[in-house]
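First up is the structure itself, then whatever we jot down about it.
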Protein chains: 2
Amino acid sequence: MRARARIKDVASLAGVSTATVSRALSSPDTVGPATREKVMEAVKATGYRINAAARDLRQRRARSILILAPDLSNTFFGKIFAAIQEEASDVGLTVQISDSRIGRDRLLSLGYDGRADGIVLLDGGIDPEVVNGWKLPLVQLSEWNDEYRAPRLGIDNRAAARLAVDHLADLGHRDILHVSGPGENVLGVERQEGFLMAAADRGMTATVFPGAFTLEAGAQAARHWAALATRPTAVFCASDECALGFISECVHAGFDVPSDVSVVGFDDIDFADRFLPALTTIRQPRADMGRAAAARIIQMVEGRAAGSDNVDALPTERLEPALIIRSSTGTPKRKPGAPA
Amino acid sequence: MRARARIKDVASLAGVSTATVSRALSSPDTVGPATREKVMEAVKATGYRINAAARDLRQRRARSILILAPDLSNTFFGKIFAAIQEEASDVGLTVQISDSRIGRDRLLSLGYDGRADGIVLLDGGIDPEVVNGWKLPLVQLSEWNDEYRAPRLGIDNRAAARLAVDHLADLGHRDILHVSGPGENVLGVERQEGFLMAAADRGMTATVFPGAFTLEAGAQAARHWAALATRPTAVFCASDECALGFISECVHAGFDVPSDVSVVGFDDIDFADRFLPALTTIRQPRADMGRAAAARIIQMVEGRAAGSDNVDALPTERLEPALIIRSSTGTPKRKPGAPA
DNA sequence: GCAATGTATGAAATCGATTACATCTGATTC
DNA sequence: GAATCAGATGTAATCGATTTCATACATTGC
């Protein structure tokens, strides 16, 4: 077997023109049944597969979507990637993936070189000039940035934080701590705002430690917490990883969770329910988020191909977070010496 | 601003031919300095970006590599994806990603439609006919299959299992259990073989529970273990997830790790050192694996482009696993009633 | 029996770049 | 001053598909 067969080879083997082969493959009902048969045989005989570059060039589409995320190794993204890829594959689109922190020029090219028909953006921290410079259908997922002209999909992080705070309030906690996400991140900021507002509404004493979404940030926050003169009886962490880091460090320091401190995480990663203690957390429906983003971007891409022009303006979509109560939260211990 | 600028637009604005623009961009030193300047200005003025489909068609390369993995959401792959993407991006290649279980025909197309120059394959379970049917540079990473005609990169799983067994033997365990990977998976098979051989060499009693790489498989194995009349004092699990599931279930059933049972995992995922107890495990250098695979596939792709023909035949490469000792393993409890 | 219509097919233009080859200019050599 | 050469640039072919338009033929209606 020599080089790849081209459409020309199929055509001459079948004794028809390339136009007919093309038609037989892409819209079979426009060619005669006998011809179609001949073509299909020739395709099989030559092992012909379409050359995507040639087709994409002619049709000015790429049949591919691009996912941009700030850190591909973040376990939070895995399920989202999988869901997007599944939806995309179902409609014949391939998926490209790239770290969104690869440098301005490379990034601009990615959205501009005709290899992607649409972009799912999981990073709200990219220069808006770059993002708005792309002339492609774009969906913001999970994170967002008000300056991007693109619809947003994700949960309401303020409301989600309120779920956590209300749960702790209901358990009887009066003095609570938040280990926040990184300061420049919208998700962290909104969760913190939701935390503070909800705590105020419930008349609770609220403290915030600036943190990050990482295990290490949680561990560090735990050390600060432990050093406090009067320690809050409950902690709401900006991510599950942060929460697990917090718990881990607390336990190592001799504290018990939840009797010394209740901990609520955020995300509901796979390990959350197997951790010891199993983690109470706010679930983000990551697979749903991925599916919704994929559906939206596909709709935009196809809509654009079909000529409707206002598909890009479809509105923001909210998905529902849920409070998952497990074993890392409980009622606060009575203060030593306090009345029963 | 209208539609995207094409090379023709740049050429006429700069007052040169398209050939000159092309040369000014791809090999600047072959055009005169004044011309180069004019072209660059025209590029800036028009906002021109190359159309990748056209370039790829003409050059018969895609400047893209494809990663195929059996489950994109598996946390094990994240670091690998990130490492590959980083290396690829450095040399101007984009990365496509797909689940490798998307159906034979789609899969065949992926390696055949000219959109990828090379493939990194993380799945040893694909029909060899499909894999060998691709006429592309190919690297097997982590998993492999002897019938694929492609170099392999990964650790020696038998030797890795031996590290775990030796560690347990050194601690004084005499009766050990292995919760294996899924039966059809080479990684699971080799780890099991390594386990059995090492246990035999050390004169230990060895049992195997068929399992999987999942949390749930570990939990289930723990229930079986707990039900045993004489329980092995140590367990080697085929993955960290499995190990965490095992520990979690044991603790819930009232056992203590490591005093009732020592547990060794495999992979060293990020959570391993924050779990309670911190998990003793075999580290797979995932970032190194990704980097090595990327380097290899890039070498093959460039080599092929440069005309050398035997790059595909480069040999298998072994990376070193390491035993990471943490808190989930310890000396076995003396049997009740046994002499001190 | 003839115009009108529809169906199947082919020829050739097209998508937007790269590149082989031709041409032109000016410098170098003898 | 002619011959040679190198460097810069342009012309046109090319990559491999899709799609417009034209054509050939069969079918329908009157």
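Chain letters run A, B, ... following the sequence lines, proteins first and then strands; every chain starts at 1.
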- Residues forming a salt bridge (charged side-chain N to carboxylate O under 4.0 Å, His left out) with A/Arg104, sequence neighbours excluded: A/Asp127, A/Glu129
- Residues forming a salt bridge (charged side-chain N to carboxylate O under 4.0 Å, His left out) with A/Asp99, sequence neighbours excluded: none
- Item | nucleotides 16-23 of chain D: protein proximity per nucleotide (B base, S sugar-phosphate only, - neither; heavy atom, under 4.0 Å) | BBBBB---
- Message: In this structure, how many angstroms lie between the P atom of C/dG6 and the CG atom of A/Asp29, rounded?
- Response: 17 Å
- Message: Using side-chain hydrogen bond (donor to acceptor under 3.5 Å, both in side chains), reason through B/Glu143 and B/Asn185 one step at a time and then give a plain yes or no.
- Response: CA-CA 8 Å; B/Glu143 286 193 23; B/Asn185 182 285; 2.8 Å; yes
- Only counting residues at least two apart or in another chain, list the ones meeting side-chain hydrogen bond (donor to acceptor under 3.5 Å, both in side chains) with A/Glu86. none
- With distance as the sole criterion, is a donor-acceptor pair present between the side chains of A/Ser64 and A/Thr94 under 3.5 Å? yes
- A/Asp56 CG - C/dA17 P separation (whole Å): 14 Å
- Message: OP1 or OP2 of D/dT9 versus the side-chain N and O atoms of B/Thr35: is any pair under 4.0 Å?
- Response: yes
- Message: Tell me which one of B/Val95, B/Ile97, B/Leu93 satisfies side chain to side chain contact (heavy atoms under 4.5 Å, CB included) with B/Gln85.
- Response: B/Val95
- Query: Which angle, rounded to 10°, do you find between the first-five-pair axis and the last-five-pair axis of the helix from C/dG1-D/dC30 to C/dC30-D/dG1?
  - Reply: 40°
- Item | All ring-ring contact (aromatic ring centres under 6.0 Å, His included) counterparts of B/Phe77, not counting sequence neighbours | B/Phe81
- Task: Report yes if some heavy atom in the side chain of A/Thr20 is under 4.5 Å from a heavy atom in the side chain of A/Arg36; otherwise report no.
- Result: no
